[in-house]
Amino acid sequence: QHFRLTMHTFRLAQTMGILLLSSCQSVFCDHEFSCAELYELSASQMPFGREYMLGVRSVERICRILERAKSSDLEVLEWGSGTSTFAFSMFASKYVSIEHDEQFGEFMKKRLHHKYSGAVDGWIDYHIIAPDRPYDTHSPIAVESDGTQLKFATYCNTPRDLFPNRTYDLILIDGRARVACAASVLRDKLLRNAESLVVIHDFELPHYHSILYDGWYEPVLWDAADGCRAAVLRPMSHPAHSG
């Protein structure tokens, strides 16, 4: 799957040196780049190994969602920043990113300021929200290593607390306390409309499946056998609960 370079993808193309134009409001280019190529350009700017990044199929899946939206005011929320912040923010008029790790968050803010002049506090709202209590990433108990609502309450509540009236077309959950974040999406009514979607990375991990069994969400695209670790979900019409 390839996408034509538009005014949104121009942001990434320009900063990564694909296209050297100093000013324009809208760009249409005959050359097309695949989602994988765009993501790899962003990945080349990051210091960590490939195992920490979204797989190519997950990237292509998310890019297809973003491109299909074709909205001039597309708003995206992500819990857990990284390569996704560089690659996917190009599609959005507003991109809210929430990161729990202070050291990595400061690195990201500097890199975003360097690569996207004026982006942070412009179209990218970037927030570092530390856990409320210590948590053990090496715990043999999956829920504990991922983080719980109790330990990440402020982190999970940040969209509601900082932007009480904002809703989103797409929400990416790839940080800590993912089940609790998925619950807060419903509780705080963070999705813009019935077409809005939630993507959870690493959904092959069994402890994330509780949001399906508990009747919160239903899968739009998810097959454990297809090699794509990102599940695309939408809320059930009448969720069982969201607390």
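Sequence positions, counted from 1, serve as the residue numbers for this chain. Since the structure is predicted, the reported quantities are computational estimates derived from the model, not experimental observations.
Salt-bridge annotation for Asp132 and Lys151: absent, with no side-chain N of the basic residue lying under 4.0 Å from a carboxylate O of the acidic one. Contact check on Arg166 versus Asp188 returns no salt bridge, with no Lys/Arg side-chain nitrogen under 4.0 Å from an Asp/Glu carboxylate oxygen. Checked for salt-bridge contact, Asp169 and Lys94 miss the test: no charged N lies under 4.0 Å from a carboxylate O. The residues Asp202 and Arg178 are annotated as salt-bridged, a charged nitrogen and a carboxylate oxygen being separated by less than 4.0 angstrom.
Side-chain atoms of Ile173 and Val199, non-hydrogen and from C-beta on, never get closer than 4.5 Å to each other. Taking the side chain as every heavy atom from C-beta outward, Ile124 and Met108 never approach each other to under 4.5 Å. Tyr126 has its side chain out of reach of Val96: every pair of non-hydrogen atoms, C-beta onward, lies at least 4.5 Å apart.
Note that the CG atom of Leu212 and the CZ atom of Phe203 stand 4.0 Å from one another [nearest 0.5 Å]. Going from atom CH2 of Trp79 over to atom CG of Asp174 covers 12.5 Å, rounded to the nearest 0.5 Å. If you take CZ on Phe152 and NE2 on His100, they are separated by 5.5 Å, rounding to the nearest 0.5 Å. Atom OG of Ser184 sits about 7.5 Å away from atom CD1 of Ile171, to the nearest 0.5 Å. Note that the CG atom of Leu77 and the CG atom of Leu170 stand 9.0 Å from one another [nearest 0.5 Å]. How far CD1 of Ile129 is from CZ of Arg176: 15.5 Å, rounded to the nearest 0.5 Å.
In the model, Thr158 has no side-chain atom that pairs as donor or acceptor with a side-chain atom of Asp161 under 3.5 Å.
Shown here for Leu190 and Pro159, the closest heavy-atom pair between the two residues is CD1-CB, 3.9 Å. Scanning both residues, Trp216 and Ala183, for their nearest heavy atoms gives CZ3-CB, 3.5 Å. Of all the heavy atoms in Ala180 and Cys156, the pair that sits closest is CB-SG, 3.7 Å. Of all heavy-atom pairs spanning Thr167 and Lys189, the tightest one is CG2-O, 3.6 Å. Scanning both residues, Asp146 and Gly175, for their nearest heavy atoms gives OD1-O, 4.0 Å. Between Glu78 and Ser97, the shortest heavy-atom contact is OE2-OG, 2.6 Å.
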Evaluate Arg160 against Arg187 for side-chain contact (heavy atoms from CB on, under 4.5 Å), listing each step before the verdict. CA-CA 10 Å; Arg160 177 195 68 191; Arg187 180 198 65 210; 3.7 Å; yes
Step-by-step side-chain contact (heavy atoms from CB on, under 4.5 Å) determination, Trp222 to Glu204: CA-CA 9 Å; Trp222 165 244; Glu204 75 278 6; 4.0 Å; yes
Show your reasoning for whether side-chain hydrogen bond (donor to acceptor under 3.5 Å, both in side chains) applies to Asn157 and Thr154. CA-CA 5 Å; Asn157 295 338; Thr154 304; over 6 Å; no
Let's go through His201 and Tyr208 carefully: what are the C-alpha distance in whole Å and the side-chain angles of both, what is the deciding distance for side-chain hydrogen bond (donor to acceptor under 3.5 Å, both in side chains) to 0.1 Å, and is it a yes or a no? CA-CA 10 Å; His201 189 218; Tyr208 294 147; over 6 Å; no
Take Arg192 and Asp73, measure what side-chain contact (heavy atoms from CB on, under 4.5 Å) needs, and give me the verdict at the end. CA-CA 12 Å; Arg192 177 176 285 188; Asp73 63 343; 3.5 Å; yes
Taking it one step at a time, do Phe88 and Leu172 satisfy side-chain contact (heavy atoms from CB on, under 4.5 Å)? CA-CA 10 Å; Phe88 302 144; Leu172 309 174; 3.7 Å; yes
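Not one N or O on the side chain of Thr85 forms a donor-acceptor pair closer than 3.5 Å with the backbone of Ser81. The backbone N or O of Val232 sits nowhere less than 3.5 Å from a side-chain atom of Tyr217 that would complete a donor-acceptor pair.
If you look at Tyr95 and Trp123, their ring centroids are not closer than 6.0 Å. The aromatic ring centroids of His127 and Phe163 lie less than 6.0 Å from each other.
Tracing side-chain contacts under 4.5 Å through hydrophobic residues (I, L, V, M, F, W, Y), one never reaches Leu150 starting from Tyr155; they form parts of separate clusters.
Around the CD atom of Glu102, the shell of radius 6.0 Å holds no more than 12 heavy atoms that belong to other residues, nucleotides or ligands.
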